[in-house]
Asks: 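One structure is given below, represented as structure tokens, and several questions about it will come after.
Everything numeric here is computed off the predicted structure, so don't read it as measured data. The basis for the numbers below is simple: all heavy atoms, side chains too, and nothing from hydrogens, waters or symmetry mates.
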Amino acid sequence: MSDTGVFLGQSPDKPEILLYGRANRHGVVAGATGTGKTVTLQIMAQGFSDAGVPVFCADVKGDLSGIALPGSPNEKLLARAQGMGLTLDPRAAPVVFWDLYGQKGHPIRTTVSEIGPLLLARMLNLNDVQEGVLSVVFHVADQEGLLLLDLDDLRAMLVYVGENAERIGREVGNVAPASIAAIQRSLLQLEQQGGGAFFGEPALRLEDMLRTGLDGRGQVNVLDATKLMNSPRLYAAFLLWLLSELFEQLPEVGDPEKPRLVFFFDEAHLLFNDTPDALREKVEQVVRLIRSKGVGVYFVTQNPADIPDSVLAQLGNRIQHALRAYTPSEQKGLKAASQSFRPNPAFDTAECIQGLGVGEALVSTLDEKGAPNIVGRTAIRPPDSRLGPATDAERAQIMAASPVRGLYDTVVDRDSAAEILAVRRGEADQAAADARLAEAKAKADAAAAKDAEKAAVAREKEQARMQARYEREAARSRAPARAPARRSTRETPVEAMTKSVLRTAGSTLTRELLRGILGGLKRR
């Protein structure tokens with residue numbers, strides 16, 4: 001290890017060293033597949049770690065995990081090291097494995113509130129109107145003391161704002177239902193890419209990535225991105241968030257003797273090719289500004305043309321492995337790559353790039369004054385750590401001894417917007433149910449009172465009737481006795497007929513009797 005910088009390898013003229021004091025001027029490691037980019041990244045990461053500088057690496061293919069284990073150099077590597085005057089010291093770097101999904105490393109999480117509406121809008125690729133509505137959602141959450149921790153909280157707030165759009169609109173501006181729906185759809189897409197695992201608690205503390213061990217070596221943070229790279233938007237958003245957090249929390253230091261942290265972004269084209277324009281612009285902005293915080297950013301990609309010119313212009317330290325140029329676009333990229341170096345009169349840069357072997361690179365770093373050195377054809381030094389990935393068992397063993405073991409492995413789900421709004425909704429539903437019950441009871445009580453009033457009126461009427469009857473009876477009992485009623489002498493028709501019949505019968509009987517008597521007398 002050099003006292004002034006990371007020893008990268010040996011060119012015919014001189015050793016190629018990346019100065020610590022110029023490491024925050026960013027850089028690029030480029031080259032076709034299989035030309036040794038990952039090994040160069042591994043050498044640089046371990047070199048910075050040995051100097052006490054914490055490192056963050058995105059491990060896209062999984063083979064960078066070997067940095068956590070001591071190397072086993074073969075005869076070829078030993079011979080290469082001997083030719084450089086280098087004695088290999090097989091040893092591992094102090095590594096902490098991370099994984100957004102928590103499968104091959106400690107989970108990395110942040111809260112929705114920490115992301116903020118601007119960065120989240122870029123993650124979701126929202127337009128200006130939708131971004132404004134998202135800002136309203138965050139504002140309402142702050143005003144009402146509702147924590148936005150995970151995507152469930154954000155969804156609950158979107159529903160809440162939509163339900164109260166008229167009231168909220170009068171206070172902070174119109175909230176269109178169509179914008180709410182668009183944000184919800186974008187959230188669904190982000191969650192389908194695995195974004196739900198990224199939001200929550202416990203949130204990552206940056207100091208847990210900026211550790212330096214008791215032996216003075218900086219912690220190498222290896223993010224397993226083998227799965228994450230399938231979600232380029234989430235990959236870019238996570239890296240941008242991490243850079244943004246560093247930019248906001250770290251003080252200005254200018255050009256320190258050593259960087260505070262060095263980032264290596266493997267497969268850098270994922271940051272720029274498959275991400276929304278707004279997100280890409282934010283990446284470019286942060287890369288330009290974070291240098292003054294003492295943070296160095298190094299992009300690892302196949303072709304420098306994968307990186308926008310506005311970012312490429314900020315990359316002072318350049319390591320170019322072999323490029324193939326068969327198609328017109330590849331030839332254009334080759335020409336651009338060769339022209340980005342300070343020429344070396346000993347060779348043609350474009351031809352040299354095509355003729356580089358595995359483990360060779362064109363190297364141009366910044367000197368003490370910040371000017372680029374003349375490009376040199378360099379044999380990259382062998383690493384001290386393992387070439388190749390760690391096994392699952394080895395990874396698990398390293399995680400078990402990790403200084404952050406147990407800090408992030410268990411999800412904490414405290415009461416936040418989703419839970420509070422659910423309670424509110426439950427209380428509102430209960431209040432509505434109680435109101436309906438009270439209304440029904442009031443109606444029943446009113447009907448019962450009306451029935452009771454009717455019954456009371458009926459009873460009063462009955463009592464009045466009975467009282468009147470009683471008074472009539474009493475009055476009748478107190479009145480003097482009346483003379484018997486005089487019988488009428490007028491015969492009824494029946495009586496007259498009866499008398500007539502009796503009279504006729506009597507006359508007939510009398511005649512018969514008289515005839516009998518008189519006749520008898522006569523006969524005598």
Side-chain angles (χ1 to χ4, degrees), residues 1-11 15-31 35-61 63-68 71 77 80-81 84 86 88-89 91-95 209 212 217-223 256-268 287 291 294-302 304 307 315-321 358-366 372-373 375-376 378-388:
M1 180 184 72
S2 170
D3 294 334
T4 59
V6 178
F7 174 59
L8 300 175
Q10 185 70 42
S11 67
E16 296 293 342
I17 296 175
L18 174 57
L19 298 178
Y20 298 132
R22 295 292 176 262
N24 67 324
R25 299 297 181 92
H26 310 321
V28 58
V29 180
T35 57
K37 298 191 305 296
T38 302
V39 176
T40 301
L41 188 161
Q42 185 171 337
I43 291 166
M44 296 172 66
Q46 191 160 7
F48 282 117
S49 173
D50 290 342
V53 179
V55 176
F56 177 89
C57 307
D59 184 14
V60 171
K61 297 183 290 293
D63 49 359
L64 186 59
S65 59
I67 195 174
L77 293 179
R80 175 185 284 255
M84 300 177 183
L86 177 68
L88 290 182
D89 180 19
R91 55 198 170 85
V95 171
M209 280 193 172
T212 300
R217 293 188 297 168
Q219 176 176 294
V220 178
N221 302 279
V222 177
L223 172 70
E257 293 184 359
K258 295 179 182 179
R260 289 178 169 175
L261 180 70
V262 175
F263 269 73
F264 291 95
F265 293 158
D266 200 2
E267 301 296 336
V287 169
R291 177 193 64 79
V295 177
V297 179
Y298 289 78
F299 297 96
V300 183
T301 187
Q302 293 190 12
I307 303 172
L315 311 181
N317 301 292
R318 304 190 177 210
I319 301 172
Q320 178 66 62
H321 288 267
V358 176
E360 287 186 312
L362 292 184
V363 176
S364 176
T365 58
L366 299 178
N373 287 308
V375 62
T378 305
I380 302 298
R381 60 151 293 178
D384 291 323
S385 52
R386 177 192 290 181
L387 284 173

Asks: With sequence neighbours excluded, what pairs up with Ser385 under the side-chain hydrogen bond (donor to acceptor under 3.5 Å, both in side chains) test?
Replies: Gln42, Gln46

Asks: Treating Asn24 as the side-chain partner and Val295 as the backbone partner, does any N or O pair qualify as donor plus acceptor under 3.5 Å?
Replies: no

Asks: Please check: side-chain N/O of Asp59 versus main-chain N/O of Leu64, any donor-acceptor pairing under 3.5 Å?
Replies: yes

Asks: Step by step, work out the side chain to side chain contact (heavy atoms under 4.5 Å, CB included) result for Val363 and Ser11.
Replies: CA-CA 9 Å; Val363 176; Ser11 67; over 6 Å; no

Asks: Taking the side chain as every heavy atom from C-beta outward, state whether Thr365 and Leu19 have any pair of such atoms under 4.5 Å apart.
Replies: no

Asks: If the condition is side chain to side chain contact (heavy atoms under 4.5 Å, CB included), which residues does Arg25 pass it with, not counting sequence neighbours?
Replies: Arg22, Asp255, Arg291, Asn317, Leu366

Asks: Could you give the distance from OG1 (Thr378) to CG (Leu362), rounded to the nearest 0.5 Å?
Replies: 7.5 Å

Asks: Looking only at atom types and distance, does a side-chain atom of Asp384 sit under 3.5 Å from a main-chain N or O of Asp89, one as donor and one as acceptor?
Replies: yes

Asks: Would you call the rings of Phe48 and Tyr298 parallel, tilted or perpendicular if under 30° counts as parallel and over 60° as perpendicular?
Replies: tilted

Asks: Please check this pair: side chain of Arg80 against backbone of Ile380, looking for a donor-acceptor N/O pair closer than 3.5 Å.
Replies: yes

Asks: Identify the two heavy atoms, one from Ala45 and one from Ile67, that lie closest to each other, and give their separation to 0.1 Å.
Replies: CB-CD1, 3.9 Å

Asks: Hey, what do you get for NE2 (His26) to CZ (Phe299), rounding to the nearest 0.5 Å?
Replies: 7.5 Å

Asks: Which pair of non-hydrogen atoms, one from Tyr20 and one from Gly47, has the smallest distance, and what is that distance?
Replies: OH-O, 4.1 Å

Asks: For Glu267, does its backbone N or O pair with a side-chain atom of Thr301 as donor and acceptor, under 3.5 Å?
Replies: no

Asks: Measuring only between side-chain heavy atoms, which start at C-beta, is Val262 closer than 4.5 Å to Met44?
Replies: no

Asks: Check the pair Val39 / His321 against side chain to side chain contact (heavy atoms under 4.5 Å, CB included), numbers first and verdict last.
Replies: CA-CA 11 Å; Val39 176; His321 288 267; over 6 Å; no

Asks: Any side-chain heavy-atom pair from Phe265 and Phe56 closer than 4.5 angstrom?
Replies: yes

Asks: With rounding to the nearest 0.5 Å, note down the distance linking CZ in Arg260 to OG1 in Thr212.
Replies: 12.0 Å

Asks: Which atom pair, heavy atoms only, marks the closest approach of Val220 to Ala93?
Replies: CG2-CB, 4.0 Å

Asks: I need the minimum non-hydrogen distance between Pro259 and Val53, along with the two atoms involved.
Replies: O-CG1, 3.4 Å

Asks: Check whether any side-chain heavy atom of Leu88 sits under 4.5 Å from a side-chain heavy atom of Pro382, and report yes or no.
Replies: yes

Asks: How close do Pro304 and Gln320 get, heavy atom to heavy atom, and via which atoms?
Replies: CG-OE1, 3.3 Å

Asks: Report yes if some heavy atom in the side chain of Leu18 is under 4.5 Å from a heavy atom in the side chain of Ile319; otherwise report no.
Replies: no

Asks: Excluding sequence neighbours, so at least two apart, what forms side-chain hydrogen bond (donor to acceptor under 3.5 Å, both in side chains) with Arg217?
Replies: Asp215

Asks: Is a side-chain N or O of Ser49 found less than 3.5 angstrom from the main chain of Gly218, in a donor-acceptor match?
Replies: yes

Asks: Does this structure show an ion pair linking Lys37 with Asp266, if we count only N-O contacts that are shorter than 4.0 Å?
Replies: no

Asks: Is there a side-chain contact between Val300 and Val60 in this structure, where contact means two heavy atoms from C-beta onward sitting under 4.5 Å apart?
Replies: no

Asks: Answer yes or no: is there a side-chain heavy-atom contact under 4.5 Å between Arg318 and Pro372?
Replies: no

Asks: Please check this pair: side chain of Lys258 against backbone of Gly52, looking for a donor-acceptor N/O pair closer than 3.5 Å.
Replies: no

